Each structure stands twice: as structure tokens, then as C-alpha cells.
**Q** 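Pasting in a structure now, in C-alpha cells, and then I'll have a few things to ask.
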Amino acid sequence: MPLKIATWNVNSVRQRLDHLARFCARYEPDVLCLQEIKVPSDDFPVAAVEAMGYPHVLVHGQKGYNGVAILSRRRLTEPQKQIWCERDDCRHVAAQVGGVEVHNFYVPAGGDVPDPEQNQKFAHKLQFLSEMAAWATTDKLATRKAIVVGDLNVAPLEHDVWNHKRLQRSVGHTPVEAAHMARLWAAGELIDVPRHFVPEPEELYTWWGYRFPQSFAKNYGWRLDHVLVTPPLRKRLKSLEIVRETRTWERPSDHVPVVLHLK
DNA sequence: ATGGTGGATACTCCA
């Protein structure tokens with residue numbers, strides 16, 4: 001059965017309901033994984049997303065920060081809300097849908113200083129990525145039909161950022177973060193789907209920051225949002241699209257959706 | 001060397 005699955009860091013689901021409706025009407029994903037919903041689970045706008053065609057909703061949210069959700073047209077089973085780094089800050093939710101295991105992550109951004117000794121946030125990010133790799137190994141992720149999506153807050157490859165040389169010392173593109181990402185890929189034998197379709201050196205970005213007002217116009221982008229699949233799904237890969245147009249809409253999220261189409 | 005903007009919150013944190 002075909003399956004269209006999208007991931008999108010919406011930067012507050014309540015601020016982005018109009019964009020969600022527009023995106024869903026245009027791209028019609030069967031499953032939509034959201035990050036940074038910034039709302040407690042009980043206050044999630046379930047009626048609004050049901051009206052968009054998503055009656056199955058799994059939310060792991062809290063007040064103010066972080067938070068993830070899976071919206072689906074099909075029934076979601078075996079819900080999971082794992083805790084990482086011994087703190088429940090709503091960064092992971094997972095479920096089975098259409099015979100596939102979908103894991104939705106929001107990895108810590110890591111603060112500004114790329115040194116785990118000086119910066120606890122960076123240490124937390126590295127530990128989170130290490131735990132993901134350990135989980136992929138011990139749970140034998142590679143043997144299952146699994147999809148890992150979300151805002152992993154790492155642009156691992158040279159052409160995943162607009163200026164590799166300049167940004168190597170910036171959090172999100174340091175060699176140590178790229179090495180952690182490579183260990184996760186190896187641990188789950190994960191296929192980096194966007195790069196499967198569009199290899200380096202072509203640029204691929206999913207995020208353009210707010211702090212430089214011209215970042216999108218100048219294409220100062222980073223590829224922070226990821227779609228990874230295990231080997232049993234390789235033959236079902238049909239297409240992948242990074243939906244840049246949402247970044248041109250009024251009051252956009254700083255991240256754009258990524259849509260995977262499985263045969 | 002530094003600041004820029006956006007969202008949630010409540011006199012500030014996080015990205």
C-alpha cells in the first residue's frame with residue numbers, strides 16, 4: 001500500500017494552523033509528524049486537525065517548549081513515548097501505521113557554544129544522538145520496517161549548509177555532530193533518503209533562520225530535518241520532496257516540510 | 001566581534 005509521510009517543525013502548532021491546512025490540502029500526506037508544537041498534550045488543537053482530515057492524533061507535548069505529534073489519516077497503533085537522557089522533555093513519539101514503524105524526533109538544538117565542557121546544552125545534544133544510535137543497535141532497528149523522521153538539528157554533510165567552511169565551528173554543523181549522525185546511520189543501517197535521491201554536491205536545505213531577515217532570499221539554508229529508512233523499506237522508496245514554498249507564506253515556520261512517498 | 005527575529009511566557013527562556 002502506498003504511504004505518504006511528511007515531517008515538519010512548525011514552531012508552535014497553534015500559530016501554524018492555517019499553514020498546516022494549506023500544506024495538507026496541497027500535499028495530502030497520510031501521516032504528518034510535527035515537532036516544536038509548543039503546547040501541552042491536552043490543549044492540542046485536535047478538532048482543527050480532524051477537520052483537515054486527520055482523525056488519528058498522537059501527541060507528546062508540554063507547555064512552552066518542544067513537543068511532538070503524529071497526525072494520521074490511518075489508524076495509529078502501538079504508541080510509544082520514549083524518554084531520552086533521563087528527562088521527559090517531549091522529544092520523541094512513535095507508532096505503527098500501515099505496517100511501518102514511524103519514529104518522530106526533536107533533537108536538542110544544543111545552544112550556541114560547540115563545546116560540551118562549557119555548554120550543557122551541547123553535551124545534552126551529543127548524549128541524545130548517542131542514545132539514538134545505541135537504541136538503533138540494541139532494538140535491531142535495521143531489521144524492521146522503520147522510518148525515523150524529524151528535526152535532528154544536525155546538517156551532517158558539506159552541502160547541507162550554505163557555507164561549509166564558515167559554519168564548521170557553528171553548532172549544527174561541527175565535525176563531532178556529523179560523526180554522531182554517521183554513527184546513528186550506521187547503527188540502524190539507515191538510508192538518508194533525500195541524499196538517496198539528490199546526492200552531494202547538490203545543496204539541500206530545510207531551514208532558514210529568522211535572525212537574518214534575508215536568510216531565505218539569500219538561500220542561507222541548513223538541512224536540519226531528516227527522513228531516514230531502514231533497509232527493508234529501500235525498494236519502496238518512490239520520491240522525496242522538500243517543500244520550500246511554505247517558507248514564502250506569511251509568518252512562516254523557520255523549517256519547511258519534507259515529504260516521503262513510499263510505493 | 002556581534003546582532004539579528006520569532007514564539008511562549010510572565011518580568012526571560014529557548015531556538
Side-chain angles (χ1 to χ4, degrees), chain A residues 7-23 33-45 48-49 59-69 84-85 87-93 104-116 118-129 149-156 160-163 165-174 176-177 180-181 205-226 244-258:
Chain A
T7 179
W8 195 3
N9 177 325
V10 285
N11 188 18
S12 170
V13 69
R14 289 177 291 191
Q15 289 297 324
R16 226 64 66 195
L17 284 174
D18 288 351
H19 286 201
L20 270 179
R22 245 169 115 177
F23 168 72
C33 295
L34 304 178
Q35 303 89 37
E36 279 205 273
I37 59 174
K38 295 185 173 178
V39 66
S41 296
D42 290 344
D43 297 336
F44 191 89
V49 301
V59 186
H60 192 196
Q62 63 181 9
K63 190 164 131 182
Y65 310 108
N66 310 335
V68 287
W84 303 77
C85 304
R87 52 170 119 164
D88 186 8
D89 48 1
C90 304
R91 295 183 181 276
H92 169 255
V93 70
N104 178 17
F105 282 96
Y106 176 52
V107 171
D112 291 328
V113 180
D115 176 356
Q118 282 183 59
N119 173 9
Q120 277 306 108
K121 291 178 184 173
F122 194 70
H124 179 212
K125 179 180 198 173
L126 295 183
Q127 193 190 336
F128 197 105
L129 291 165
V149 301
D151 177 4
L152 305 188
N153 266 313
V154 179
D160 290 341
V161 292
W162 63 277
N163 187 331
K165 194 174 176 185
R166 175 193 289 205
L167 296 171
Q168 272 182 311
R169 275 160 272 109
S170 296
V171 170
H173 192 60
T174 60
V176 65
E177 290 165 279
H180 277 66
M181 183 72 85
Y205 309 143
T206 66
W207 176 86
W208 296 262
Y210 291 128
R211 297 188 199 185
F212 298 94
Q214 296 302 306
S215 67
F216 188 68
K218 292 184 180 293
N219 202 24
Y220 293 164
W222 299 52
R223 185 168 71 107
L224 301 179
D225 302 276
H226 292 266
R244 294 170 71 113
E245 70 166 307
T246 65
R247 192 64 177 78
T248 68
W249 295 349
E250 196 181 354
R251 285 190 299 279
S253 169
D254 42 355
H255 297 256
V256 300
V258 183

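Treat the numbers as computed from the prediction; the structure is a model and nothing was measured. Every chain is numbered from 1 and lettered A, B, ... according to where its sequence line falls, protein lines coming before strand lines.
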**Q** Give the rounded distance in Å between these two atoms: CG of A:D112 and P of B:dC14.
**A** 11 Å
**Q** List the residues meeting ring pair (Phe, Tyr, Trp, His ring centres under 6.0 Å) with A:H124, not counting sequence neighbours, and say none if there are none.
**A**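 A:H124: no ring pair (Phe, Tyr, Trp, His ring centres under 6.0 Å) contacts found.
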**Q** Using atom OH of A:Y65 as one end and atom C1' of B:dA15 as the other, report the distance to the nearest whole Å.
**A**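 It is 11 Å, rounded to the nearest whole Å.
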**Q** In whole angstroms, how far is the C1' atom of B:dA15 from the CG atom of A:N9?
**A**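 Spelled out: CG on A:N9 to C1' on B:dA15 is 9 Å.
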**Q** Quick one: which protein N/O atoms are closer than 3.5 Å to N/O atoms of nucleotides 1-6 of chain B? Pair and distance per line, please.
**A**
{"from": "B:dT5", "atom 1": "O4'", "to": "A:Y210", "atom 2": "O", "distance (Å)": "2.9"}

**Q** Distance only, no hydrogens: is a donor on one side chain within 3.5 Å (strictly under) of an acceptor on the other, for A:W84 and A:D89?
**A**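 Result is no, nothing qualifies.
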**Q** Where the side chain of A:K121 is concerned, which of B:dA15, B:dT9, B:dC13 is the nearest nucleotide?
**A** B:dA15
**Q** Can you tell which of B:dA15, B:dG7, B:dA10 lies closest to the side chain of A:K63?
**A**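 Output: B:dA10.
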**Q** Using atom C1' in both nucleotides, what's the gap between B:dA1 and B:dC14 to the nearest angstrom?
**A** 23 Å
**Q** On a whole-Å scale, what distance lies between the P atoms belonging to B:dT9 and B:dA15?
**A** 15 Å
**Q** With rounding to whole Å, what would you report as the distance between B:dG4 and B:dA10 at their P atoms?
**A**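 Going atom to atom, P in each nucleotide, I get 26 Å.
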**Q** Hey, which sits more toward the 5' end of DNA chain B by its nearest nucleotide, A:R14 or A:A109?
**A**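 It is A:R14 whose nearest nucleotide is closer to the 5' end.
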**Q** Going by the angle between their ring planes, with limits at 30° and 60°, are A:H19 and A:W249 parallel, tilted or perpendicular?
**A**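 Perpendicular, since the angle between the ring planes exceeds 60°.
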**Q** Do you know which of A:D151, A:N11, A:V13 makes side-chain contact (heavy atoms from CB on, under 4.5 Å) with A:L34?
**A** A:V13
**Q** Select from A:N153 and A:Q15 the residue whose nearest nucleotide in DNA chain B is closer to the 5' end of that strand.
**A** A:Q15
**Q** Using a distance-only test with no angle check, is there a side-chain donor-acceptor pair under 3.5 angstrom linking A:N104 and A:H60?
**A** no
**Q** Using the P atom on both, measure B:dG7 against B:dG3 and round to a whole Å.
**A**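 So the two P atoms sit 22 Å from each other.
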**Q** What integer number of Å spans the P atoms of B:dC11 and B:dT5?
**A**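 The answer is 24 Å between these two P atoms.
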**Q** Quick one: pull up CZ in A:R166 and NE2 in A:H173 and give me the separation to the nearest 0.5 Å.
**A** 12.5 Å
**Q** Please name all residues satisfying side-chain hydrogen bond (donor to acceptor under 3.5 Å, both in side chains) with A:W162, sequence neighbours left out, ordered by chain then number.
**A** none
**Q** Roughly, in whole Å, what's the span from CG in A:D151 to P in B:dC14?
**A** 17 Å
**Q** What is the separation between atom CD on A:Q35 and atom C1' on B:dC14, rounded to the nearest whole Å?
**A** 16 Å
